[in-house]
Amino acid sequence: MLDRKFIVENAELVKNNCALRGSKADVDRFLVLDGKRREKQADVDDLNRQANEVSKSIGQTKDPAEREARKTRGRELRDKTAAAQADLDAIAAELDSVQRSIPNLSHPKAPVGGDDQANLELRKGKTPLPRFDFKPLDHVQLGERLALIDFEGGAKVAGHGFYFLKNDAVLLELALQRYALDLLIAEGFTPTITPDLARNEVLQGTGYIPRGPETQIYSIADSDLSLVATAEITLGGLLSDEIVDAERLPLLFCGISHCYRTEAGAHGRQTRGLYRVHQFTKVEMFAFTLPEASEAMLDRFCDLECRLFDGLGIPYRVVDTATGDLGGPAYRKFDLEAWMPGRGEAGEYGEVTSTSNCTDYQSRRLGIRYRTKGEKGTQFVHTLNGTAIAISRALIAILENYQEADESVRVPEALRPLVGKERIVAPAG
RNA sequence: GGAGAGGUGGCUGAGUGGUCGAAAGCGCGGGUUUGCUAAACCCGUGACCGGGUAACUGGUCCGCAGGUUCGAAUCCUGUCCUCUCCGCCA
């Protein structure tokens, strides 16, 4: 969320930004509530002060009658205080909910627009688009013919949107995890495998909303836990309510987690195959940085994503995400869209990774601060997240780009030592 | 799952109803001493929300949420977490 004082002092800016983002957050309501809150707070403070004075004086009063008189006075004051506090709590609760609904500011260079149609292509990857002298199959067909993906089996045990990976697809999944990890470890990231469940409080801190009507999140009955939609949630929560020394920053983590998404309201759009599924594995990058370092870190994350996909020999383009498509927490976001030859009439780009600079929007909610030696007070860190590799979508890109006329699939050079073979062919029989 | 112990400031750790936002130590900042460094000594040093140009000042915070009381770090209830032991188990 944004800083309360900042919103008050920059109300017009915040309102304009809400408009750019297509957010319906009620900034005017926020301003009214904030004024009320301050008045009420002053009342409560004053009553508390009086009550504290009376309480202190009782301890020093010897005369029993005088003590009783002061106790009565104290009771009266505490009653008034409690009433005022209740008013204040009600105001503060509404204020907080409005404040949380206000999206982060937008980077001045982020393209303005209502949805992903306005995204701006920045550049393309090193690998040229593949040329096929046959009609390429899509990954669903390939997955079936090579016995790599079993959607029917997945649907049978867990419903539509679930799948079994089989045979060499399992090796590919593990190879992709290891491939991403090897690069990130070399880059100084601390590798982690994170919980697949998190407290709802942590979900909310990172900007995810469990149990809403349009929630993307699976909740666990009779608990305050949800299945995570990404390791961004668990890695962000890792340092919640902590104060770190400035010289320890930046902190770089990468995390393997399973990602669970209900995909509520996503029916009818790109639901074929592995593109939009309820569960997949992801290697996620996460950074906590000083405020002045977050822009450069976003470029670094984007560059790492490019290196991973260049290394896999997959064609892609990088897009700068439009303001209306940024969601709540992101200040700026870059997506990698890989070429998927089996998609649409003659191939289309489809999002495979995404990296965001959330500035202090998440850290303010999560209470993640840093302290600089010799300086008074603390400040909020900046948080960034980026997909290293989302396995399901990477699989689509690999299968479709590396297919051959005989329906076999070459294993990308970089993965061959990890998969242990050069080519995936249909199992005998 | 059963039995205990405990969660206090950046860290360690005192504190069992009033003057405690909280001893002491570490760390950190400043100073004295010093050829330099180190050591020693002295002073200062929590976070958050308000008011004030400022000096300064009001309030909140001792895992979290409630309760008792004029008054709670301290007593009570619930909850989360950590540790030890027992049971079960991959």
Side-chain angles (χ1 to χ4, degrees), chain A residues 1-9 30-100 193-205 210 219-226 233-234 237-249 251 288 290 360 363-381:
Chain A
M1 60 190 164
L2 295 180
D3 178 54
R4 203 183 40 69
K5 211 180 293 176
F6 179 88
I7 300 171
V8 173
E9 287 167 4
F30 178 88
L31 297 174
V32 170
L33 285 168
D34 187 60
K36 280 200 204 173
R37 195 199 105 262
R38 287 171 66 160
E39 280 174 33
K40 221 26 157 183
Q41 182 73 60
D43 292 349
V44 171
D45 285 357
D46 188 54
L47 285 165
N48 258 322
R49 186 183 53 75
Q50 293 182 43
N52 286 343
E53 278 172 12
V54 171
S55 293
K56 278 190 185 177
S57 77
I58 292 172
Q60 292 154 346
T61 304
K62 300 272 157 47
D63 178 48
E66 181 60 23
R67 278 179 78 103
E68 284 312 310
R70 293 195 186 185
K71 281 189 185 183
T72 306
R73 175 70 185 139
R75 259 188 291 267
E76 287 167 10
L77 281 167
R78 294 292 173 186
D79 285 346
K80 279 194 199 170
T81 307
Q85 183 70 49
D87 291 349
L88 178 62
D89 288 347
I91 294 165
E94 190 186 346
L95 184 69
D96 185 63
S97 99
V98 178
Q99 186 178 1
R100 281 170 185 269
I193 295 177
T194 86
D196 283 349
L197 276 71
R199 294 181 195 289
N200 290 333
E201 195 185 306
V202 176
L203 286 265
Q204 279 154 5
S219 293
I220 306 297
D222 302 321
S223 79
D224 69 338
L225 292 170
S226 295
I233 293 168
T234 42
L238 185 61
L239 289 191
S240 61
D241 292 321
E242 290 196 28
I243 300 172
V244 299
D245 287 333
E247 61 257 44
R248 285 181 62 206
L249 299 173
L251 289 169
F288 303 91
L290 292 171
D360 57 0
S363 61
R364 185 169 288 111
R365 286 192 192 187
L366 291 166
I368 308 175
R369 293 179 251 244
Y370 69 91
R371 182 197 316 281
T372 309
K373 239 180 209 149
E375 283 180 22
K376 216 174 148 49
T378 58
Q379 287 185 280
F380 291 107
V381 303

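Quick note on labels: first sequence line is chain A, next is B, and so on, each numbered from 1.
- Nucleotides B/rU45 and B/rU84, compared at atom P, are 39 Å apart to the nearest Å.
- Following rounding to the nearest Å, A/Tyr370 (OH) and B/rC28 (C1') show an atom-to-atom distance of 17 Å.
- Taking atom CD1 of A/Ile58 as the reference point, atom P of B/rU69 lies 13 Å away to the nearest angstrom.
- Comparing B/rC70, B/rG51, B/rA47 by their nearest atom to the side chain of A/Arg38 picks out B/rG51.
- Classification of A/Glu66 and A/Arg70 as a salt-bridged pair holds, one side-chain N sitting under 4.0 Å from a carboxylate O.
- The CD-C1' distance, from A/Glu68 to B/rG71, rounds to 14 Å in whole Å.
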What nitrogen or oxygen pairs link the protein and nucleotides 76-83 of chain B at under 3.5 Å?
residue : atom : partner  : partner atom : Å
B/rC80  : O3'  : A/Arg199 : NH2          : 3.2
B/rC81  : OP1  : A/Arg199 : NH2          : 3.4

Scoring nucleotides 54-60 of chain B by protein non-hydrogen atoms under 4.0 Å (B base, S sugar-phosphate only, - none) yields ----BSS
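- No contact: A/Arg248 has no heavy atom under 4.0 Å from any strand.
- Straight-line distance from the CG atom of A/Leu77 to the C1' atom of B/rC70: 9 Å, rounded to whole Å.
- If you check every strand for non-hydrogen atoms under 4.0 Å, A/Thr72 touches nothing.
- Using a 4.0 Å heavy-atom criterion, one finds that A/Arg67 contacts the bases of the nucleic acid, with or without backbone contacts as well.
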Might you work through the side chain to side chain contact (heavy atoms under 4.5 Å, CB included) test for A/Thr81 and A/Arg49, ending with a clear yes or no? CA-CA 10 Å; A/Thr81 307; A/Arg49 186 183 53 75; over 6 Å; no
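- For A/Glu76, the CD atom counts as densely surrounded, since its 6.0 Å shell holds more than 12 non-hydrogen atoms of other residues, nucleotides or ligands.
- The distance from atom NZ of A/Lys40 to atom C1' of B/rG51 is 19 Å, rounded to the nearest whole Å.
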